[in-house]
Q: 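Let me begin by handing over the structure; questions about it come next.
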Amino acid sequence: MKSYAIKVYGCQMNVYDAERLRTAMAKEGFCEVSVEDKPDLVMFVTCSIREKAEQKVWSEIGRLDARWRGKGKPLIAVVGCMAQRLGSKFMDRFKSVCLVAGPRNLGRVPSEISRILKDKERVLILDDPKELADLDCPPLRRENPWRAYITIAHGCDNFCTYCIVPYTRGRFRSRAPEEIFKEIDLLVSDGVREIILLGQNVNSYGTDFKDGYRFSNLLKDVASDKRVDLVRFLTSHPKDFTEDIIDVMAENPKICPAINLPIQSGSDRILSLMNRGYNVEQYAKIIEAIRSKLEDVAITSDLIVGFPGETEEDFQASLDALRHFRFDLVHTAAYSPREGTIGAKMKDQLSEEEKYKRLNMANELQNQISYEINLSLKGKRYRVLLDSLPPKGEGLLQGRTPTDKVVLVKGTPELLGNFVEVTITGAEHWCLRGRLEKILN
Ligand code: SAH
Ligand code: SF4
Ligand code: F3S
């Protein structure tokens with residue numbers, strides 16, 4: 001039996017892709033081991049979102065290529081966003097790389113790997129941005145037995161000027177609802193209780209259908225499945241966020257009151273340069289609608305600092321937005337120029353030093369806000385699915401509140417997979433601490 005190891009970088013879509021690849025590789029007769037176990041092949045599921053994400057993969061491949069030169073193994077396969085962006089560069093640089101395949105061609109990967117290991121060929125599969133040769137297999141080999149990601153739409157057509165995703169993931173295409181329901185069916189039969197619907201812009205789900213079936217319809221239909229306990233989704237795009245989504249959430253307690261609505265900047269001038277398609281006032285109206293209709297909702301956001309031409313005043317406007325909106329959590333990032341995007345060619349690029357100075361200031365402010373919000377939750381009770389062991393902390397179990405906050409409680413592993421009632425007893429800026437009151441199920 002041939003063995004392989006898999007290394008996964010990047011967003012939840014990559015986690016989902018990797019889980020399906022694992023399932024498909026098992027069907028193809030491969031046994032998964034760790035990189036240290038001297039596998040025949042190592043597969044990298046890669047991300048291009050920022051320079052740093054790519055550097056990690058280059059250095060890891062370099063390390064393995066040195067091992068390969070002595071022993072003839074492991075061979076290396078690179079799939080995902082970096083594979084599409086850089087294609088043959090991997091093969092030019094490293095002799096051990098035998099397969100490079102873009103994210104829209106994952107369906108071909110397992111059989112090609114079998115063939116390559118036999119025929120000792122090298123294969124480069126670049127995506128046609130409109131075509132799709134997807135894996136036809138549900139994510140049965142998951143990181144988490146009770147929670148599953150499902151991509152509901154491929155690609156992105158928004159072309160925000162900083163972003164590489166439209167170039168790596170290709171054109172937007174919604175998956176047919178029947179296909180999604182079929183997958184959910186297999187997943188709940190496999191013990192899954194929580195479904196997370198994924199898309200770069202879930203709000204535009206269905207805009208490429210002719211029958212008017214939209215994201216709010218899908219959300220409602222997924223939640224109506226009696227065997228599904230919790231439904232979450234990400235990411236929402238402010239320019240396409242419509243109130244029917246809030247209404248469906250308000251009517252359905254199974255749909256968690258947690259919305260990730262990336263603002264990216266608090267300056268209208270920068271938002272326009274970013275091609276985001278909304279201004280701060282329009283963004284504020286959505287937040288108002290969400291908070292007025294959904295009790296106890298948590299709103300998280302994404303923010304980029306140091307976009308080309310971002311003045312001190314623009315940056316202050318972003319800090320003001322953090323103070324004003326008081327998000328539960330914000331994924332902040334220093335702008336990283338991506339070759340081929342419009343942003344990378346803009347003048348007035350900021351120095352790394354300035355970008356990181358601004359990043360630290362934004363983080364400091366947001367961490368304080370998140371901490372204050374979390375602290376105010378002391379004494380609250382939540383229904384929580386205990387789903388994993390935290391990376392640190394003996395005797396602790398981890399779950400997420402309906403508002404998508406990590407909560408740690410004392411408990412023994414046999415409780416995993418159960419819904420429990422938790423009282424919040426303490427907080428940090430990134431998590432809550434709680435006391436287990438009772439098992440619910
Ligand atoms: N589709 C989502 C986000 C996808 S990328 C949306 O529209 O919001 C995830 C996050 O990475 C983005 O929200 C953005 O904050 C960050 N990001 C994307 N490109 C970046 C770049 N070139 N430099 C820094 N951060 C970036
Ligand atoms: Fe990138 Fe914008 Fe598409 Fe999000 S919406 S993936 S930020 S281009
Ligand atoms: Fe990265 Fe591609 Fe996701 S660039 S963030 S893996 S869509």
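Indexing begins at 1, ligand by ligand and atom by atom, following the structure's order. If you're wondering where the values come from, they're calculated on a predicted model, not measured in any experiment.
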Q: Taking atom CD1 of Ile263 and atom OG of Ser301, what is their separation to the nearest 0.5 Å?
A: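 Output value for this atom pair is 5.5 Å.
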
Q: Within a distance under 4.0 Å of any heavy atom of Gln200, pick out the atoms of ligand 3 and give their elements.
A: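 Numbered from 1, ligand 3 contributes 7 (S).
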
Q: Looking at Phe159, which atoms of ligand 2 are within less than 4.0 Å of one of its heavy atoms?
A: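 Selected atoms, number and element: 8 (S).
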
Q: Pick one of side chain, backbone, both or neither for how Pro337 approaches ligand 1, counting any non-hydrogen atom pair under 4.0 Å.
A: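 It is neither; nothing of Pro337 touches ligand 1.
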
Q: With heavy-atom distances below 4.0 Å as the criterion, list the atoms of ligand 2 near Val165.
A: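 That gives atoms 6 (S) of ligand 2.
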
Q: Atom 10 (C) of ligand 1: which protein heavy atom is closest, and how many Å away?
A: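 Closest protein heavy atom to atom 10 (C) of ligand 1: Asp302 OD2, 3.5 Å.
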
Q: Identify the protein heavy atom lying closest to atom 5 (S) of ligand 2, giving its residue, its atom name and the separation to 0.1 Å.
A: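 For atom 5 (S) of ligand 2, the nearest protein heavy atom is Asn158 ND2, 3.3 Å.
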
Q: Would you mind telling me if ligand 2 is within reach of the side chain of Pro262, the backbone, both or neither, using heavy atoms under 4.0 Å?
A: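 No part of Pro262 is near ligand 2 at this cut-off.
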
Q: Within the 4.0 Å heavy-atom shell around Arg276, which atoms of ligand 2 are there?
A: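 In order of number, 2 (Fe), 7 (S).
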
Q: Which residue from Arg50, Met13, Gln200 reaches closest to atom 26 (C) of ligand 1 through any of its heavy atoms?
A: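 Nearest heavy atom to atom 26 (C) of ligand 1 lies in Arg50.
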
Q: Out of all atoms in ligand 1, which are within 4.0 Å of some heavy atom of Arg338? Include the element for each.
A: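 So the answer, numbered in order with elements, is 22 (N).
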
Q: Mind checking whether Gln264 contacts ligand 1 via backbone (N, CA, C, O), side chain (CB onward), both or neither, at a 4.0 Å heavy-atom cut-off?
A: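 Under 4.0 Å from ligand 1, Gln264 contributes side-chain atoms alone.
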
Q: Write out the residue and atom name of the closest protein heavy atom to atom 8 (S) of ligand 2, then the distance separating them to 0.1 Å.
A: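 Closest protein heavy atom to atom 8 (S) of ligand 2: Cys160 N, 3.4 Å.
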
Q: Under a 4.0 Å threshold between the charged nitrogen and the carboxylate oxygen, would Glu310 count as salt-bridged to Lys355?
A: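 Here Lys355 does not pair with Glu310 in a salt bridge, since their nearest N and O are not under 4.0 Å apart.
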
Q: Tell me whether atom 3 (Fe) of ligand 2 has Cys156 as a neighbour, meaning an N, O or S atom of it below 2.8 Å.
A: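 True for Cys156.
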
Q: Got the closest protein heavy atom to atom 23 (N) of ligand 1, with its distance?
A: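 Here the closest protein heavy atom is Ser336 N, 3.0 Å.
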
Q: Please identify which atoms of ligand 1 are closer than 4.0 Å to at least one heavy atom of Tyr335.
A: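 The list of qualifying atoms is 23 (N), 24 (C).
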
Q: To the nearest 0.1 Å, how far is atom 19 (N) of ligand 1 from its closest protein heavy atom, and which atom is that?
A: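 For this ligand atom, the closest protein heavy atom is Tyr162 CD1, 3.3 Å.
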
Q: Strictly below 4.0 Å, N to O, side chains only: are Glu428 and Arg433 in salt-bridge contact?
A: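 Salt bridge present between Glu428 and Arg433.
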
Q: For Trp58, does the six-membered ring have the charged nitrogen or CZ of Arg93 within the cation-pi criterion, i.e. under 6.0 angstrom from the centroid and within 45° of the normal?
A: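 Checked: cation-pi criterion met.
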
Q: For ligand 1, which part of Ile49 has a heavy atom less than 4.0 Å away: the side chain, the backbone, both, or neither?
A: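 Within the 4.0 Å criterion, Ile49 contacts ligand 1 through backbone and side-chain atoms alike.
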
Q: Identify, by atom number and element, the atoms of ligand 2 in contact range of Pro166, meaning under 4.0 Å from any of its heavy atoms.
A: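 In order of numbering, the contacting atoms are 8 (S).
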
Q: Does the side chain of Leu386 reach to within under 4.5 Å of the side chain of Gln398, using non-hydrogen atoms?
A: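 SC-SC contact between Leu386 and Gln398 ruled out.
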
Q: To the nearest 0.1 Å, how far is atom 24 (C) of ligand 1 from its closest protein heavy atom, and which atom is that?
A: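 Sorting protein heavy atoms by distance from atom 24 (C) of ligand 1 puts Ala334 O, 3.4 Å first.
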
Q: Check Gln264 against ligand 2 and report side chain, backbone, both or neither, counting heavy atoms closer than 4.0 Å.
A: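 It is neither; nothing of Gln264 touches ligand 2.
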
Q: For atom 3 (Fe) of ligand 3, count the protein N, O or S atoms found under 2.8 Å away.
A: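 Excluding waters, the total comes to 1.
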
Q: With Thr332, which of Asn367, Leu359, Ile304, Leu322 fulfils side-chain contact (heavy atoms from CB on, under 4.5 Å)?
A: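 Result for side-chain contact (heavy atoms from CB on, under 4.5 Å) with Thr332: Leu359.
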
Q: Which of the numbered atoms in ligand 1 are under 4.0 angstrom from any heavy atom belonging to Pro262?
A: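 Taking each heavy atom of Pro262 in turn, ligand 1 has 8 (O) under 4.0 Å.
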
Q: Using a 4.0 Å cut-off to any heavy atom of Gln200, which atoms of ligand 2 qualify?
A: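 Atoms satisfying the 4.0 Å criterion: 6 (S).
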
Q: In terms of residue, atom name and distance, what is the protein heavy atom nearest to atom 1 (Fe) of ligand 2?
A: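 So the nearest neighbour among protein heavy atoms is Cys163 SG, 2.3 Å.
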
Q: Quick one: does Val165 get a heavy atom under 4.0 Å from ligand 1?
A: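 Contact absent.
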
Q: Any Lys/Arg nitrogen of Glu372 or Arg326 sitting under 4.0 Å from an Asp/Glu carboxylate oxygen of the other?
A: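 A salt bridge links Glu372 with Arg326.
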
Q: Starting from atom 7 (S) of ligand 2, which protein heavy atom do you reach first, and at what distance in Å?
A: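 For atom 7 (S) of ligand 2, the nearest protein heavy atom comes out as Tyr162 OH, 3.3 Å.
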
Q: Salt-bridged, Arg22 to Glu19, with N to O below 4.0 Å?
A: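 Salt bridge absent between Arg22 and Glu19.
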
Q: Using a 4.0 Å heavy-atom threshold (strictly under), name the region of Arg276 that reaches ligand 1: side chain, backbone, both or neither.
A: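 Contact part for Arg276 vs ligand 1: side chain (C-beta onward).
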
Q: Show the atoms of ligand 2 that are less than 4.0 angstrom away from any heavy atom in His237.
A: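 Result: 5 (S).
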
